[in-house]
Every structure is written in C-alpha cells, then in structure tokens.
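Some notes on the structure that comes next.
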Amino acid sequence: MRAHAHIGRWLGLGGLSAVLLFGCRPSPSGPDGAAEPIRVGEFASMTGKEAAFGQSSHKGTLLAIEEINAAGGVLGRPLHLITEDNQSKPGESATVVRKLISRERVVAVLGEVASGRSLEAAPICQQSRIPMISPSSTNPKVTEMGDCIFRVCFLDSFQGAALARFARQTLQSTRVAILSDAAAPYSVGLAAFFRERFLAGAGQVVAEQKYSSGDKDFKAQLTAIRAAQPEAIFVPGYYTEVGLIALQARQLGISVPLFGGDGWEAPELIQIAGTALEGNYYSTHFAPEVESTVAQNFVQKFTAKYGAAPDAIAALGYDSALLLADAIRRAGAAEGAPLRDAIASTRDFSGASGLTTIDPQRNARKSAVMITIRDGRFCYVQTITPEEALRNEPSPGP
Amino acid sequence: MMPGRRFLLLLGAVAAGSVLSLQSHRINPYFLDVAVTVAINVILAVSLNLINGYTGQFSLGHAGFMAIGAYIAASTTMFWAPGLLPAASSPGFIGMAVFPAALLAGGLAAGLAGILVGAPSLRLKGDYLAIVTLGFGEIIRVIFRNLESVGGALGLNGIPACTNLFWTISMAALTIYAVTSMVHSTYGRGFTAVQDDEIAAEAIGINTTRYKITAFVVGAFFAGIAGGLYGHFKLSIDPRGFDFMKSIEIALMVILGGMGNTVGVIIAAILLTLLPELLRPVAEYRMMLYSFLLILLMLTCPQGLFQPRFFRRLLSPFLRGSAAPAEDPPRPA
C-alpha cells in the first residue's frame, strides 16, 4: 500500500496545476487600432472521413474572405477567418465552437457541411447568441435548433419538389419508379418529399424498391422496376451506388432516364458508370455554367487559385461568407442582435449559387439547377426556382 | 494509504468540484469544455484500467459501454422522466434530481451489458477477447444507429445541459476512489492475481470467473456514467462518436499510463486530452504530430508514464519528512 501513498499528493498537484492552467483569463486579443479585423469563425472537417467536403467548403469560404478583404473589407475593417478542424469526429465540433466563441471571440460561425456536425455546434452558438450559418447542411433539424442558426443551401423538401416538377414537366413522365437507399436518412427523406409532390402533381409511382448503402447488386430491384414499366426512375442515393445502378439498369435493357438529387454529384460518378449515365439528370445547388456574373467571377477566381473547377459545396462555402459580409454591411455593426437580424432579413442576395432569400424558418429559399451527363461531362440543363417548384397545381401535362 | 484517508480525499474532491462548479461562470467556456472532457476521460481510463490493467482482460469495447450509458441517460432526462412526472419537467428539477438518477440508470444499464461481455471472457483470452469486445462495441453502435426513436444515424440532439464541473469532478473522484479501494482491499488482490497468473490463482482457490465478471461490470458501470456525463455535456450524441476508435483512445490512455497503475493512467488521460488541444495551432499537422508524440512517449516510457521511483527522486527535496520514499519497494509494471 505504500506505493500508492502518493496518490493524494499527485491529485493535489494535479488539481493545483489544473487551476493554474484553467483559472487564468484570456488576454483581450487584437489591437485597438482603427481597422481592427472582424473575427469570423469557421469549423470544418479539414481532416478525417469527410475531409473532401470540408476542404472544398473551406476553399470557397477562404476565397470569399480574401476577395472581400481585397475590396477593402466590410465597414472599413478586414475580415479575419479563424478555421478550426473537427476531424470529422462527433464531439469535436462542440469543443472547437466553444473555443471559437470564447477564446477567439468571433462574431459569427460558418459551418458545417455534414448535418450531424452542424447539429452539435448549433445549441452552443444558440446559447451564446452567436449567429451560425451552415453552408450545406440539408437536414431540416439544423435550423430548428434556434433563432441564431441559418443556412444558405436549400432543403431536401424543396429538392424533392423541384425534382417532382422536373419529372412531370421536363421529362413529361406520369409513371415513375423510386429506388431509394433505406440506410441513408438523406435518401429516405428525399424519396418521401418527391413522392408527396409527384403524387400531388397527378403523377403515379408505379414501383418502389429499396437497397442499402454498400450494396453491389441491384438486379432484383431493377427487374421488379422493369416489370412495372415506368417512364423514368428516381434514384435519390449517393454516387457510389448510383453508378452501379445505372450500369446494371442498362445491362437489363432499361432505357428510360434515371434521375436523382445532389448525392449524385461527384466526378467518381462517371468513372463508375462509364457511358451508362449518358442523358440522365440530377439536381444540385450550383453549376459552373450558370450565366450570372457572381457565379462566373467565382468560377474564374476559384479555378485560378486552386487549379480545378469548383463544386457545389465550394460554391455554398463561398456564399456563406459573402452572405455574412453582406449582413454585416447592412447591419452596420459586426455583432449581436443587429447582425442576427440582418442575416434573418436577407432578401434576394446574389451569390455564386443564385439568389438566396432567408425565410422565417431561417432556411434559404433558392433555386435548384438540373444537370445532365453528356459525353462524360456534367452539363447544365435548367434552373428551377422555388416559385416554380412549390406552385401547388396539378401539372397541365400533355 | 488508510481507507479513511482515501475517503477524505474523495470528500475533498467533491467539495473542490462544488466550489469550482459554483465559480464556473468565471471560467472560460472553452477551458471548461476541456476540463470536463479531461474528467470524463479520467473516468473512462480508470474504469478500463480495472479491466485491462488490474485484471489483465484486454477489452476494446469500452466505447460500447459508454454509448449505452450516454443513450440511456439521455433518454431518461429527455423522454422517460418528463413522461413519468409531467409536472416536474422544469430545467432545475431535471438538473438536480433527474440527472443523477439518469446517470445511475445509464451506469446500471452499461453494467448489465458488462455481464453479457464478461461471460464470454471466461472462455477467451488476449487477442480473442479483444476481438469479441470490439465486436460487442460495434454491435452496440449499430443498434443505436438503427433505433429511430433515439435519432438513428443523425444522433440524439437537444439533450438538456445538466453536466457541470461538480458532477464530472465528483464522478471522476468516485471512480478513482472505488477502483483504488477495490484493488487495494483484501478481496481486490484477486484481480491482480488473475492478471499475474490465472492458473496459479485458480489453484489457490480464487474464483477467477467471478473476478473477471466483477471487473467487467464495475468497469462498464463507470463507463456508462462517463457516457451519461458526455451526452449531457456535448448536448448531442452521435453513434459514430462511439466507434472502436474511441475504445482505442481509451485503451491508449491505459497503456500509456501503465497497465494497473491508477496514477499513471490518470496522468495519461489528462495528457492525451490536453495534447490535441495544445496542438491546435499547427492545424492539419496536428494529428501527425500527436501520433509522433505518442510513439515517442511509448519508446521513452514503455513501463507507463508514471514511475513512482523516478518522480520521488525528482521531488524528494520537497517531500522530505512527509514520507520515507527510499523505503518503498519498486512496483512491478
């Protein structure tokens, strides 16, 4: 027992050093100069499983901040972006957001791509009443966490409506089959929203089949769908499975178009599917071909800086920072309630991903773009505005 | 150490916890976050040390026990308590009365799962047991991922913020108290006996089965409490947060601290929690540097971080008179 006689002493020493370490107050940061920077926090999955998304979003945000500063900043003050990595790990976001708010004293927080990570940070931002803008978390729950939580991307409920309209109007289909991923909440949700709007538009869902993320063989489901003779097949999954589904559908002689949501968006989609996806469609947030000056400026600068064309997540990251800067400018102050109110009252803000209006539920009302695959490349087809997608009338039809 | 002194230390820690907790509004929330995380990791590491270190049963399922505690405790404060006592759903009441009950429920549920895992450990040893416990942890995680009533893949959000410094420090002190009291009691010598030589222990009449299951149940119980504290602190739990990487993290603290060395494990838990935070300024290279430091620590201190003799010699000028350091027998690692 003697060997452990020191436990108490060490606990004492440990407690003392903990008090010394944690008891000291942070020194107020930043000089009191005229152009003191406005501190903006960002938390992102810079490393770990979702690093591809996190990096992409961060590149867009960084580009926007640099652009704003090159133009003289906001209210005569430059923006200072402080980025923290959450390693794509649950539990980390809460810590880094607390750090951003209490140590770095940021005026607003930008992040995250993954809805799960955004949901962790949201209650902490809400508690401190620091506005948080999520660039691309599409789960409805995120903005329900409180009146300081916003997003600049559309919701899956809107995406489902836009796709229903596209199927009915552009594809001229009345008979659609659905093949969804039962293991992904995103896919299940999008399928449900689509079904509701498509049925409301006097469409008919002739077959519904399910698979699980990671499946490799879809022939059983596709054979059942073929028997129902649909005019189009809705596949609201992720690109990993969608590529294989397209290949196997063509092998089974199914020639009707396939269409899906933003889960399709990845260069790997074409690598997996080869030519099988030619002439098929998906909806997303942004297309490099959109002919607005903001979008073209963004594409040009992004390509010059990073050597690759931006994707939708980069565009949304870019827009989240621009929208924040715009709100600071309109509020005339970079803090507290005026800033929150300015973000909440954003109307027809013009960003790289189109016009964004923040609705009373703090979600973005904005357009979706439809993309088709032609000659192994993603090509812009059309834009579906919220007004078009949510118009509640049975489609005229031929 | 006399049991009385150990108990006084426990009371002291609880008192310190309540004082710090009352003053917590003065502490920067980020530091508070780190301090609470440190205390939760101390609970996890010390409780795993009972299984892995003292009893020598290599378990990689600690995150699974933690997940059970986190989900059961969160369900208690969020659904069951307001359902049973609709009148008593004020935040104050939940924080004062429901929360301790929720922690206890989470701990007991995890302890029950400890029996389930302890039972196969009778047949398996070493790597085989590690694989079984790893499988158990993954099963738990997948079950919670598929339970829509607790949020499914998206996780459980909107958990009330009940965890404070008082609860975490008290629970950490209680864990340390319980584990050290247990292994240093006459009964508890059996844990070390099982670890040293199972056949010899059995030959002298020690019921090794009972010791192994006891270790799993007690270890799991405290892991469940740590889970409950974690959920009510992060306010959101995600099944992916309890994957086997989390178990490895905890096992790392035990190995680095020195198997069966409570003080070393506590120091390792503190160090391994603070290190990633201190390394934040180097951004993307953080985890690389962290891993490098781990390799370095493992190479320089293979016997564990805390070696009483070395520290005692270092501190002997300050400690003279209070103890007789030179007489202590060296402890086997």
Side-chain angles (χ1 to χ4, degrees), chain A residues 1-15 17-19 21-26 46-49 51 83-85 87-104 115-117 119-124 127-128 139 141-142 144-145 183-186, chain B residues 1-2 5-6 9 12-13 16 20 26-35 37-38 152-155 157-158 161 173 176 180 184 230 233-242 245 262-263 266-267 270 274 277 280 283-284 286-287 306 308 311-312 315 319 322-324 327-331:
Chain A
M1 273 186 208
R2 291 302 289 274
H4 278 252
H6 47 259
I7 287 188
R9 207 172 302 135
W10 276 99
L11 279 182
L13 275 178
S17 43
V19 169
L21 193 63
F22 296 115
C24 54
R25 302 188 57 79
M46 302 293 288
T47 58
K49 283 180 206 136
T83 307
E84 287 287 355
D85 174 25
Q87 299 174 263
S88 320
K89 259 167 55 181
E92 282 277 309
S93 301
T95 306
V96 297
V97 168
R98 279 196 179 103
K99 177 166 190 265
L100 285 172
I101 293 172
S102 65
R103 290 288 289 169
E104 311 292 356
S115 295
R117 304 294 85 74
L119 279 168
E120 272 175 49
I124 291 155
Q127 211 175 10
S128 316
N139 193 288
K141 272 190 185 166
V142 173
E144 288 167 13
M145 299 301 283
Y186 156 77
Chain B
M1 182 176 357
M2 302 294 290
R5 261 186 68 189
R6 205 177 282 138
L9 269 174
L20 277 175
R26 293 164 180 267
I27 305 174
N28 182 295
Y30 170 57
F31 288 152
L32 204 63
D33 181 298
V34 176
T37 312
V38 164
L154 201 60
N157 300 291
I176 298 167
T180 48
H184 291 295
Y230 176 88
F233 182 64
K234 297 285 184 189
L235 315 182
S236 136
I237 42 182
D238 183 324
R240 270 167 299 184
F242 305 106
M245 281 311 293
T262 304
V263 182
I266 294 170
I267 295 177
I270 296 173
L274 292 184
E277 293 303 323
R280 276 202 189 278
E284 278 95 337
R286 176 162 75 116
M287 279 302 126
F306 183 72
F311 279 94
R312 201 135 332 145
L315 292 174
L319 305 177
S322 66
E327 288 165 26
D328 273 339
R331 256 187 71 80

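Being a predicted model, the structure only gives us computed values, none of them experimental. A note on names: the letters A, B, ... follow the listed sequences, proteins ahead of strands, and every chain is numbered from 1.
When the candidates B:Gly241, B:Ala161, B:Gly155 are compared by the number of heavy-atom contacts under 4.5 Å with chain A, B:Gly241 comes out ahead. When the candidates B:Gly158, B:Pro29, B:Pro239 are compared by the number of heavy-atom contacts under 4.5 Å with chain A, B:Pro29 comes out ahead. If you tally non-hydrogen atom pairs under 4.5 Å between each of A:Gln87, A:Gln127, A:Met46 and chain B, the highest count goes to A:Gln87.
Taking CG of B:Leu235 as the start and CE of A:Met145 as the end, the distance is 8.0 Å to the nearest 0.5 Å. With values rounded to the nearest 0.5 angstrom, A:Ile124 atom CD1 is found 7.0 Å from B:Asp33 atom CG. For the atom pair CG of B:Leu154 and CG of A:Leu119, the computed distance is 5.0 Å after rounding to the nearest 0.5 Å.
With a 4.5 Å cut-off on side-chain heavy atoms, A:Arg98 and B:Asn28 do not count as touching. A:Thr47 has its side chain out of reach of B:Arg286: every pair of non-hydrogen atoms, C-beta onward, lies at least 4.5 Å apart.
Taking all atoms of both residues into account, the shortest heavy-atom contact from B:Lys234 to A:Ala94 is CD-CB, 3.8 Å.
Of the possible polar contacts, one joining the A:Ser102 side chain to the B:Tyr30 backbone as a donor-acceptor pair under 3.5 Å is found.
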Start with the C-alpha gap between A:Glu120 and B:Asn157, add the side-chain angles, then the distance that decides, and say whether side-chain contact (heavy atoms from CB on, under 4.5 Å) holds.
CA-CA 8 Å; A:Glu120 272 175 49; B:Asn157 300 291; 5.5 Å; no
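Between B:Arg280 and A:Glu92, at least one side-chain N (NZ, or NE/NH1/NH2) sits under 4.0 Å from a carboxylate O, which counts as a salt bridge.
Using a 4.5 Å cut-off between heavy atoms, B:Tyr230 contacts chain A through its side chain alone, with no backbone atom that close. With a 4.5 angstrom heavy-atom cutoff, B:Met287 touches chain A only via side-chain atoms. For A:Lys89, the part lying under 4.5 angstrom from a heavy atom of chain B is the side chain only.
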